[in-house]
Amino acid sequence: MSTELLKWSFYKAIEDFPIFAGRLHQVQPGKLEVIVDSGNLNIPEFTEIQSNVNFNKYEAANFNPALLPDGAVKPTAFFTGGFQEGNIKLAEICIVQFRDCGGVVLAVTIAHVLVDGYGFEMFMHRWAEINKLLAADSTVTDFGVSNVVHSRSILERVVPMPQEPPLSLLKKMYIPSGYVSRLVAWLSPGIRGRILECIQTFADISISCFHVSRETIDKLRQSVKKNSSTNLRISDNDVLMAAITIAYTQSVLKHKSEYANTGLASWLKSSLFGSNSKNSSTFVSTIAADIRHRIPNSDLETYSGNSAISMMVHSPIELLQMPASPEVLAQVALGVRKSTNEITSEYIAQVINGGDAESDVVFRPLVYNAGVAEKLMVTNLSRFTFYTTDFGWGVPQFVAQTNTKFPKVAKLFPAHPSKGGVFIHLVDFARQLKIFQSLRAGCIKYNPALLPNGSVRPTGFLTGGFQEGNIKLVNICIVQFKDSRGIVLSVTIAHAVVDGYGFNMFMHRWAEINKKLVADSMATDFGASNSVHNRSLVQEVMPTPQEPRLDVLQKLYIPSGYLSRFFTWISPGIRGTILETIQQASTDVSISCFHVSRETIDQLCQSVKRMSATDQRISDNDVLMAAITIVYAQSVLKPRSERTNSGLLSWLKSAIFGSSSKNPKTFLTMEAADIRHRIPNANLENYSGNSIINMMMLNPIELLQEPASPKVLAQAALDVRKSTNEITSEYIAQLIHLADIENDIVFRMLVYNASVAEILMVSNFSRFTLYTTDFGWGNPQFVAPANTKFPKFATFFPAHPSKGGIFVHLVDSANILQQMRNNNFWTESFEFVY
């Protein structure tokens, strides 16, 4: 497939679409115009990227966009081509060539101010038509005549003048102007785009794709007809919109209280975004509707510009919260149909006139609904004939949206005719997609997303109150299920009180007492506990550290600074609240669970032993730590260039966090290591407090970037073993001595490595006997960490003895977790659970 031919035909095609080579200008706040000057054209960008994977692999992964190389798709929905608005590219084309030459990806981005879906389809068909003629005969010069119209003045000519007063529906939808929306409208497109993109980088936005078959759509339509007492025609769009609205609303409301900001964040939200940030009694679905077949004028059929208007469906949340049923689906679908029928010529006239009358009207929903969870924007492209776009080499195998990174957007695309049905592409924050997927995948056992709000502590920080004495150190929550078949016991104990060993001690003691009371409610003798809680025990048994400091500690040592000392100075409650607010504002953190079987662990261990010329003992932990370090490092490094901050954000990052924010040459993996079996003292076996120290492994990024193989795994596993062997009594003594004399050392890693991508913290609980914790009703069926929302953190837990192996719970941004799930080396050994 000739890239040069595609490029040549593209430039021939834009002769019929000269507006693509125009320059964008803002003539007044909120008013844009495109000027096409033949002597000063703004030529669209056309690039080619070579992928290092085979097309067969991309096809086998259902054309997952995460497998495309960096830069293949435009990662933002905003104009960011330059601060000089005339230099902003209005069209960008990227050709992705695969290693086996088995096919190409054609990534096309055209500014929405130029075309809507209809106009985009017109251009693609015209481009394909010209390319096909050139592919058959490179000397051809006659490509026919295009009758495309680009000027928006056609709308003023064919759309009737609106009547007064405005329709009641428009009154209901109307959002009044404000300072922020007027400021956003006043900014130039380039500056506005940079600001919005900068804000966007603080949120981890992801995309999920779902398929609904033709058979399922027909069944849903029949169900709606059976459960509605009306003769209204029910379309596919009505049914799909109703289904998406019900599922999305339930996923939004399910965990909304967990992510509600309080204190300063709540005040800022209310001050900036106004009353629209409050809870609503209705869910608003905004649907893009084309006016072409609604205004009787044949001239509109040749218009390529954006003639889409918004149709808003207001659904009562009280209805959407009900258990999904045919009756509920029918009622919501009828609401969609009713709203669709209200798009009259008068409605269209008033919407278009409203957009022309007030400069900031376009930006008000963006600004004042920014904090509203109960909304979704939907575009239905499923009726377009994308799969007839033949460039001369056959029709496309898959058509989908580019990864716009614009949240709360759903786009419906047709599936390939051989497959049928519709693809639904949903773009949102990671946590929201996680909950949405859990509703779809409710059959997955023990998925924490199915638990009710408040059942797990959503943060890793102490946030019980500004009065530190009021902070709860232990939180217990019992979740009872409707069928009374079992319970979830959610236990959160402050890490300052216990570590994993102490947690295990407490759970066994609690279970022991409960079991006796189950057998005899009058029991009073529960035996004596010999647990020790005072941390002075650690100081008593610890040898005196020697000087100078060990090389490994000297290399990893982070000096003190103003920020770390500030975090030490403030009270735990205020510190926790600040950190939690930053966490909620800066990242959408999610959790994924993977299972690795006992058989796979043994195979990996054998592979490492064969590839390493050493007699050192290689443990399960060495191999698992090596595997997760390799795959996690590759997952972090792959998308990093897309999320690199620049300008003011980069300066702030450097100024606040120092040189640690620069790209290092090594990847740091920190594993929690228990000192109990490393210091020969029997008293430590009774100590329940936190006796964890950090074992730190520095792996060369150059090694971790190599394709995952048994050789790379072996080298990484040996590095883990080497670091483990360095945890001597002297290492432990110096670490604990540092913690005693430098009270801000705990916070230095948190503060000065806060912006470092190349770090992962790991805790291994897989050796603990959690499945023998019998409260008198049998052993637990599943044990997992609480959803701490602390990113860059992996926890190993044992699987149930009947299943065997280990569960790996990984907490991070959706983007990173998706990269993990796309890594072939990882998925060959680790099964995705939820």
Side-chain angles (χ1 to χ4, degrees), residues 55-68 73 103 105-107 117 121 205-224 234-251 285 287-288 324 326 329 332-333 336 376-389 395-404 407-428 430 432-444 447 449 592 814 817-818 821-822 827 832-834:
F55 182 81
N56 290 339
K57 178 182 176 182
Y58 179 59
E59 185 178 23
N62 295 319
F63 307 104
N64 191 333
L67 295 182
L68 296 178
V73 291
V105 167
L106 187 59
E121 183 186 42
I205 298 169
S206 188
I207 184 169
S208 286
C209 179
F210 306 88
H211 177 255
V212 54
S213 67
R214 181 68 257 171
E215 181 184 9
T216 300
I217 296 172
D218 291 339
K219 286 180 180 178
L220 290 173
R221 283 184 66 185
Q222 290 301 320
S223 173
V224 168
I234 300 297
S235 69
D236 292 352
N237 185 71
D238 299 334
V239 173
L240 291 172
M241 276 298 306
I244 293 170
T245 300
I246 293 169
Y248 186 79
T249 305
Q250 291 182 358
S251 68
S285 303
I287 307 173
L329 180 67
V332 179
V336 177
L376 182 67
M377 293 172 283
V378 183
T379 301
N380 190 345
L381 306 178
S382 63
R383 296 190 184 99
F384 291 125
T385 57
F386 294 126
Y387 287 99
T388 63
T389 310
V395 298
Q397 295 186 44
F398 186 69
V399 179
Q401 73 164 37
T402 54
N403 194 6
T404 62
K408 298 186 177 296
V409 171
K411 289 193 178 181
L412 279 55
F413 273 76
H416 192 279
S418 63
K419 186 179 182 71
V422 173
F423 282 112
I424 300 172
H425 302 266
L426 186 59
V427 185
D428 210 336
Q432 192 59 62
L433 288 180
K434 190 73 177 177
I435 299 168
F436 189 87
Q437 290 165 357
S438 74
L439 295 177
R440 172 178 171 269
C443 58
I444 298 176
N447 190 333
S592 282
L817 295 180
Q818 185 63 51
R821 293 197 291 270
N822 293 336
T827 54
F832 175 65
V833 180
Y834 59 73

On a heavy-atom basis, which atom in [X] and which in [Y] lie closest, and how many Å separate them?
| X | Y | result |
| --- | --- | --- |
| Leu426 | Ala410 | CD1-CB, 3.8 Å |
| Val239 | Leu220 | CG1-CB, 3.2 Å |
| Ala415 | Phe423 | CB-CE1, 3.6 Å |

Checklist entry - Is there a side chain to side chain contact (heavy atoms under 4.5 Å, CB included) between Arg221 and Val224 once you walk through the steps? => result CA-CA 5 Å; Arg221 283 184 66 185; Val224 168; 5.8 Å; no
Side chain [X], main chain [Y], donor-acceptor under 3.5 Å:
| X | Y | answer |
| --- | --- | --- |
| Asp238 | Ser235 | yes |
| His211 | Gly420 | yes |
| Tyr248 | Lys408 | no |
| Ser223 | Lys219 | no |

Checklist entry - For Lys419, what residues pass the salt bridge (Lys or Arg N to Asp or Glu O under 4.0 Å) criterion, not counting sequence neighbours? => result none
Checklist entry - So do Phe398 and Glu59 actually touch side chain to side chain, heavy atoms under 4.5 Å? => result no
Item to check | Any side-chain heavy-atom pair of Leu381 and Gln401 under 4.5 Å | outcome: no
Checklist entry - Would a line drawn from the ring center of Tyr58 to the ring center of Phe63 be shorter than 6.0 Å? => result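 Yes, the ring centres sit under 6.0 Å apart.
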Next on the checklist: Taking atom CG as the centre, does Asn62 end up with more than 12 heavy-atom neighbours from other residues, nucleotides or ligands that are less than 6.0 angstrom away?
Outcome noted: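 Not more than 12 within 6.0 Å, no.
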Item to check | Pair Leu240-Val378, side chain to side chain contact (heavy atoms under 4.5 Å, CB included): steps then yes or no | outcome: CA-CA 11 Å; Leu240 291 172; Val378 183; over 6 Å; no
Next on the checklist: Would Gln222 and Asp218 count as a side chain to side chain contact (heavy atoms under 4.5 Å, CB included) here? Give the steps.
Outcome noted: CA-CA 6 Å; Gln222 290 301 320; Asp218 291 339; 5.6 Å; no
Checklist entry - Is there a side chain to side chain contact (heavy atoms under 4.5 Å, CB included) between Val212 and Ile217 once you walk through the steps? => result CA-CA 7 Å; Val212 54; Ile217 296 172; 3.8 Å; yes
